[in-house]
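Worksheet: one structure, shown below.
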There are 2 protein chains.
Amino acid sequence: MSVTIKQIAEKAGVSRGTVDRVINNRGHVKPEIEERIQKIAVELGYRPNAAGKALAARKKSFIIGVILCARGNEFFDDILKGIKGAEQEASEFGIQVQVMTMKGYQVEEQLRLMDQLEEQIHFLILNPINDERIARKINDLSEKNIPVITVNTDIEGSQRLCYVGCDYLKSGRTACGILGIATDGKGQVGIAAGSVKILGHNQRIRGFFETQKNRFPDLRILDIIETEDDKETGYAQTLAMLKRHPSMDAVYIAAAAADGVCRAVADWQRQNMESPHPVKIVGSDLTPAITKLLKEEKILGTICQQPWTQGYQSVTLAVHYLVNGQKPDRQYFYMKNEIKIPENL
Amino acid sequence: MSVTIKQIAEKAGVSRGTVDRVINNRGHVKPEIEERIQKIAVELGYRPNAAGKALAARKKSFIIGVILCARGNEFFDDILKGIKGAEQEASEFGIQVQVMTMKGYQVEEQLRLMDQLEEQIHFLILNPINDERIARKINDLSEKNIPVITVNTDIEGSQRLCYVGCDYLKSGRTACGILGIATDGKGQVGIAAGSVKILGHNQRIRGFFETQKNRFPDLRILDIIETEDDKETGYAQTLAMLKRHPSMDAVYIAAAAADGVCRAVADWQRQNMESPHPVKIVGSDLTPAITKLLKEEKILGTICQQPWTQGYQSVTLAVHYLVNGQKPDRQYFYMKNEIKIPENL
DNA sequence: TTGTAGGCGTTATCAA
DNA sequence: TTGATAACGCCTACAA
């Protein structure tokens with residue numbers, strides 16, 4: 001049976017209160033007694049009981065705030081589900097979760113939401129826009145004792161506790177690995193990014209190049225376009241790219257707008273009567289749209305990033321911080337890059 | 001803030017004890033009062049607090065027994081780690097976990113271990129040998145109020161509460177999907193199973209055939225051998241198979257003994273000077289041996305089955321049963337079939 | 001059939 | 001600086 005504070009107190013000949021003060025570094029304990037208690041705790045292998053903590057924590061009633069650029073972006077649905085899942089657990093600690101979503105990536109809007117939440121919350125989970133003003137606001141909150149965790153996208157130059165999300169570099173490498181396998185290392189590849197300015201897409205492309213260089217030297221990357229995460233732009237840009245490079249036989253979609261890209265490929269194949277050949281496509285994430293394309297075998301596979309876990313884990317880390325006062329033990333909580341094909345959906 | 005038994009008691013004008021009796025169906029409550037309390041509980045959306053339950057459960061001190069055919073099989077290391085992870089959680093409920101491992105698959109040995117544990121435990125997690133005597137023993141234990149969960153392998157004709165483990169059919173389908181992609185749907189495939197008598201390997205092969213038929217009609221399955229999960233047998237059988245079918249250009253390893261198979265392929269490629277061609281290999285699971293083969297690019301990829309989660313989840317389900325008296329809500333807890341290539345290790 | 005009281009481990013408050 | 005006490009939500013033995 002595991003060791004309790006009570007047992008330590010008995011063994012040390014002090015009250016439970018004193019042991020609690022020592023264990024949680026609350027001060028107000030005579031140094032020699034502190035030392036004795038520490039020693040006994042280690043000796044007995046004391047591990048705090050989470051259930052006890054949970055019960056005691058209910059008297060405090062903290063609130064965790066969440067801001068996501070999720071409106072009109074179905075990719076975030078799974079992140080939201082993960083947050084909902086953790087909310088149940090948080091409520092056992094008397095902790096509430098307040099989620100706000102915004103549409104698009106306006107810095108002003110995000111700053112406004114942060115200001116608004118500031119009064120009510122004790123912790124912030126943020127899907128940040130990579131802008132200096134946001135970074136400053138994060139630091140501002142941190143100083144006011146509202147720690148921040150970034151989720152899904154990270155931001156440079158801020159004091160966020162940690163980042164929970166995709167390892168975009170690895171995601172790009174994995175995509176290249178799959179296209180390398182599919183084309184016997186000889187693919188003529190085009191890349192469709194959302195915007196090369198978006199940090200994540202940029203890193204995916206870097207990762208793709210890295211693996212191309214190291215492992216598939218005969219694979220060629222012919223072109224990179226930007227879809228602006230928009231179907232129609234994606235369609236037009238992809239079609240133009242295919243016309244520029246008639247030998248292209250593979251496409252990596254490092255962003256949303258997979259529908260547009262796939263439609264362009266299909267149309268081009270229909271038009272390009274003189275030298276028809278298949279174009280192998282690898283996508284990113286697993287939205288309903290992508291699932292459909294997978295099942296219809298319009299794309300070969302897709303590289304996913306555990307969105308549910310991103311939501312769940314960020315809340316769990318916040319709960320752990322609020323209940324135990326413990327910071328996350330590392331800066332980066334990277335998700336797995338899961339490869340999905342029709343067979344293992 | 002979430003609803004507690006106390007709040008329900010106040011609203012219903014009865015004591016907490018009575019509410020507890022109703023909520024947990026302990027009987028000894030006047031029907032009309034029972035009904036009233038039920039109604040209020042639903043109305044208020046009562047959800048029991050796990051922390052409170054955990055604390056109260058500590059007074060009972062249950063023991064969960066685990067039997068695994070894990071000795072000398074490094075695949076089970078991750079399952080054991082998952083069990084260790086859940087043990088921590090279980091100990092907060094005052095529940096202990098007692099693990100026994102055995103080498104090989106002797107029915108007698110497993111029966112002996114089951115007999116031995118029977119006296120001490122309140123729940124059994126079993127990696128069963130698919131034999132009728134084991135099934136009978138499972139039913140025997142169930143009647144003695146020791147429920148059983150099967151892990152990693154299932155058994156027919158028993159009353160185990162549920163199965164936690166790999167969806168072998170899907171695993172085989174996924175392997176075929178990858179080899180289909182890698183060979184442009186035109187591979188000449190050999191399959192290396194451990195033994196076609198092992199249920200899991202058999203299902204993997206069935207899954208592989210299924211996808212071949214439905215999605216890759218031009219892919220041909222030339223031969224199936226049995227490695228008996230032994231390196232040397234695997235080597236010899238594979239070499240013989242390659243000699244029988246010189247056109248073979250892909251191998252699916254549905255079992256352990258990947259080293260032997262890969263060595264045979266390498267040797268054969270060295271010998272077969274007249275018509276050299278690459279042989280693409282897909283494996284199963286992610287043991288240290290397989291990881292090495294992946295990194296050396298001797299195999300293309302491998303299909304994994306979340307062994308850690310198998311261990312963790314089986315214990316969690318047992319804990320949940322013992323603490324809440326609730327049976328798992330389904331018969332099958334299937335793991336994801338994760339595709340691993342060097343880039344997303 | 002129903003209510004009361006004490007305890008599970010931890011923490012906060014108040015008194016000494 | 002330290003100790004005593006009550007509370008968090010749930011369960012159970014015992015009393016009424």
Side-chain angles (χ1 to χ4, degrees), chain A residues 1-37 41 44 46-62 88-95 320 322-326, chain B residues 1-10 12-37 41 44-62 88-95 320 322-326:
Chain A
M1 190 62 104
S2 42
V3 187
T4 69
I5 282 187
K6 195 176 155 193
Q7 287 167 30
I8 298 177
E10 276 164 18
K11 187 146 186 179
V14 298
S15 75
R16 290 172 294 158
T18 305
V19 177
D20 175 64
R21 264 159 255 166
V22 173
I23 300 275
N24 297 90
N25 298 310
R26 296 187 215 282
H28 306 282
V29 179
K30 216 194 284 178
E32 56 209 77
I33 297 196
E34 163 141 21
E35 203 184 333
R36 183 151 50 98
I37 293 178
L44 264 46
Y46 171 75
R47 315 254 313 136
N49 178 297
K53 272 183 186 287
L55 229 39
R58 286 185 64 105
K59 292 186 252 186
K60 297 195 224 167
S61 86
F62 289 121
Q88 162 68 11
E89 204 170 306
S91 82
E92 314 221 316
F93 294 83
I95 296 176
H320 199 258
L322 291 171
V323 174
N324 305 311
Q326 263 175 15
Chain B
M1 191 61 104
S2 43
V3 188
T4 69
I5 283 188
K6 196 176 154 193
Q7 288 167 28
I8 297 177
E10 277 165 16
V14 299
S15 76
R16 289 171 294 157
T18 305
V19 177
D20 175 65
R21 265 159 255 168
V22 173
I23 300 275
N24 297 91
N25 299 311
R26 297 187 214 284
H28 305 281
V29 179
K30 213 193 285 177
E32 56 209 78
I33 297 196
E34 162 140 23
E35 202 184 334
R36 182 149 51 98
I37 293 178
L44 263 45
Y46 172 75
R47 315 256 311 137
N49 179 297
K53 273 182 184 287
L55 233 36
R58 286 186 64 106
K59 293 187 248 183
K60 299 194 219 166
S61 86
F62 289 121
Q88 162 69 12
E89 205 170 304
S91 81
E92 313 223 315
F93 294 83
I95 296 176
H320 200 257
L322 290 172
V323 174
N324 306 311
Q326 263 174 16

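Nucleotide C:dT10 holds its P atom 8 Å from the CZ atom of B:R58, rounded to whole Å. Atom CG of B:N324 is separated from atom P of D:dG9 by 17 Å (rounded to the nearest Å). In this structure, the CZ atom of A:R36 is 16 Å from the P atom of D:dT1, given to the nearest Å. The distance from atom CG of A:D20 to atom P of C:dT13 is 12 Å, rounded to the nearest whole Å. Between the NZ atom of A:K30 and the P atom of D:dT1 there is a distance of 10 Å, given to the nearest Å. For A:I23 and C:dT10, the CD1 to C1' distance is 11 Å, given to the nearest whole Å. Atom-to-atom, CG of B:L55 to C1' of D:dA6 comes out at 15 Å; the value is rounded to the nearest Å. Rounded to whole Å, the distance from CD on B:E34 to P on C:dT1 is 10 Å.
B:K60 has no side-chain polar atom (N or O) that falls below the 4.0 Å cut-off from OP1 or OP2 of D:dC11. Taking only side-chain nitrogens and oxygens, B:R21 never comes nearer than 4.0 Å to OP1 or OP2 of D:dT12. Distances shown here put every side-chain N or O of B:T18 at or beyond 4.0 Å from the OP1 or OP2 atom of C:dT2. For B:R47, no side-chain nitrogen or oxygen approaches OP1 or OP2 of D:dG9 to under 4.0 Å. At the phosphate of C:dT11, OP1 or OP2 sits under 4.0 Å from a side-chain N or O atom of A:N24.
Across all strands shown, A:N49 has heavy atoms under 4.0 Å from sugar-phosphate atoms exclusively, and none from any base. Among the heavy atoms of the strands lying under 4.0 Å from A:K53 are primed sugar atoms or P, OP1, OP2 only; no base atom is included. Using a 4.0 Å heavy-atom distance criterion, A:I33 is classed as a sugar-phosphate-only contact. Within the 4.0 angstrom heavy-atom criterion, no nucleotide atom of any strand lies near A:F93.
When each of C:dG9, C:dC8, C:dA12 is scored by its nearest atom to the side-chain atoms of A:R26, the top-ranked nucleotide is C:dA12. Side-chain proximity of B:Y46 to the nucleotides C:dT11, C:dC8, D:dC10 is greatest for D:dC10. For B:H28, whose side chain is taken as the heavy atoms from C-beta onward, the closest listed nucleotide among C:dG9, D:dC11, C:dT1 is C:dT1. The side chain of B:K59 lies closest to C:dG7, out of C:dT11, C:dG9, C:dG7.
Here the options are B:V29, B:T4, B:I8, B:I33, the test is side chain to side chain contact (heavy atoms under 4.5 Å, CB included), and the partner is B:V19; only B:I8 passes.
Between B:R36 and B:E32, every side-chain heavy-atom pair lies at or beyond the 4.5 Å cut-off. Residues A:L322 and A:K60 fail the side-chain proximity criterion, which asks for heavy atoms closer than 4.5 Å. In this structure the side chain of A:Y46 reaches within 4.5 angstrom of the side chain of A:I5, judged on heavy atoms.
The backbone N or O of B:H28 lies less than 3.5 Å from no partner atom in the side chain of B:R21, so there is not a single donor-acceptor pair. Not a single donor-acceptor pair under 3.5 Å links the side chain of A:N24 to the backbone N or O of A:R26.
Judged by closest nucleotide on DNA chain C, B:S15 is the one of A:R16 and B:S15 placed further toward the 5' end.
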